[in-house]
Number of protein chains: 2
Amino acid sequence: MTQKQEQLSKNQQIVLSIIEKAKGPLKAYSILYNVQKRGIKAPLQVYRALEKLIEIGKIHKIESKNAFIACKNSYCEISKATAFSICNNCEHVKEIKNSKLSKYLTNFEDNSGMKYKKYNLEFFGLCNKCK
Amino acid sequence: MTQKQEQLSKNQQIVLSIIEKAKGPLKAYSILYNVQKRGIKAPLQVYRALEKLIEIGKIHKIESKNAFIACKNSYCEISKATAFSICNNCEHVKEIKNSKLSKYLTNFEDNSGMKYKKYNLEFFGLCNKCK
DNA sequence: ATAACAAACGTTATATTATAACAAATTAAG
DNA sequence: CTTAATTTGTTATAATATAACGTTTGTTAT
């Protein structure tokens, strides 16, 4: 049994490297423009790579911005518990790592006693620079 | 001084009534098709009404679905603290009202001591029917 | 009542984000 | 090797959202 090491394909590597280098979240078409010199020509090639990278937890989608950011948690293999802080002024986005918060939300039960497999939380405010 | 009662404009009323009647979140263009008989012809008319309705807290946007849902909290005038449960199977969406949760998140401070003015939380799982 | 201002409207065009469909190439596993 | 699964490349198009413009309506202060 060969170990299932997550080998990324060529396009997946290209897209991931762009996202990892970026200072903030990137939009799909901005990624596309950045990788055209490396042979990726069509939106779909980017979106397919993004889909896979999300699936394996290498990146997250910031839903309120339709943008994609690298996951810095090396241990975060599957992104089922995500929290971000977003600055309303400069648009800076940071992933929040707070074990109390993630425990609280992972264990959260709603009024009907239901628990959830996955959540995404986006906080908005002014970052330290902007306030 | 006349009291500032939130008077909705015609288009805002039309759009809101469609969203309130719906069983689940509606997409902008689905709203558009639904209101064309009432004289709204262009996407922008819908989007402008949506923007205003969100601003005054009558509806919320489900970011992961690009869809809009009425706020059932009659007291919820400004939507700065929202939480939803979303079924991965039937796509049923419900707003979560849980005062402990909202207190916890409203008062949440990140590792740098920063607090936030607004948040949006989306939980995913299987609803009672689907599991 | 009316001037001044703000908000909402209508319209056309266009920008942005994302997926469908299909065939070829590559990779992984038995 | 060969079969299955994944990834790729490509064209076209669907779905979501905003820009820009001028007009109309509603509100507030005189």
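Numbered from 1 within each chain, the chains take letters A, B, ... in sequence-line order.
- A/Asn98 and B/Asn111 are linked by a side-chain donor-acceptor pair at a separation below 3.5 angstrom, with hydrogens and angles left out of the test.
- Contact annotation: B/Gln45 side-chain N/O to C/dC9 OP1/OP2 distance is not under 4.0 Å.
- Aromatic ring pairs are classed by plane angle as parallel below 30°, tilted from 30° to 60° and perpendicular above 60°; the pair A/Tyr104 and B/Tyr104 is parallel.
- At D/dT25, none of the side-chain N or O atoms of B/Ser9 fall inside 4.0 Å of OP1 or OP2 (strictly under the cut-off).
- The aromatic ring of A/Tyr29 is stacked on the base of C/dT17, with the two ring centres less than 5.5 Å apart and the planes inclined by under 30°.
- Spacing between atom NZ of A/Lys52 and atom C1' of C/dT27 amounts to 12 Å, rounded to whole angstrom units.
- The CD-P distance, from B/Glu51 to D/dA17, rounds to 12 Å in whole Å.
- Regarding contacts with the backbone of D/dG9, a side-chain N or O of A/Lys10 is found under 4.0 angstrom from either OP1 or OP2.
- Atom pair A/Ile54:CD1 and C/dT19:C1' shows a separation of 14 Å (rounding to whole Å applied).
- Annotation for A/Glu51: atom CD does not count as buried by contact number, only 12 or fewer foreign heavy atoms lying within 6.0 Å.
- Protein atom CD of A/Glu63 is 12 Å distant from nucleotide atom P of D/dA17, rounded to whole Å.
- Base-pair partner of D/dA29: C/dT2 (Watson-Crick or G-U wobble, both distances under 3.5 Å).
- Counting to the nearest Å, the P atom of C/dA8 and the CD atom of B/Gln7 are 11 Å from each other.
- One interatomic measurement links the two molecules: CG of A/Asn11 to P of C/dT27, which rounds to 12 Å at whole-angstrom precision.
- Rounded to whole Å, atom C1' of D/dA15 lies 11 Å from atom OH of A/Tyr47.
- Considering CG of A/Leu50 and NZ of A/Lys61, their distance stands at 9.0 Å, rounded to 0.5 Å.
- Each of D/dG9, D/dT16, C/dT11 was ranked by its minimum atom distance to the side chain of B/Asn66; first place goes to D/dT16.
- Between the P atom of C/dA20 and the CZ atom of A/Arg48 lies a distance of 11 Å, rounded to the nearest Å.
- For A/Lys27 and A/Leu44, each mapped to the nucleotide of DNA chain C holding its nearest heavy atom, the one lying further toward the 5' end belongs to A/Lys27.
- Distance alone, capped at 3.5 Å, is enough to place a donor-acceptor pair between the B/Glu122 side chain and the B/Ser64 backbone.
- Nucleic acid contact class of B/Lys65 (heavy atoms, under 4.0 Å, all strands): none.
- Of the candidate nucleotides D/dT8, C/dT19, C/dC9, D/dT8 has the atom nearest to the side chain of A/Gln12.
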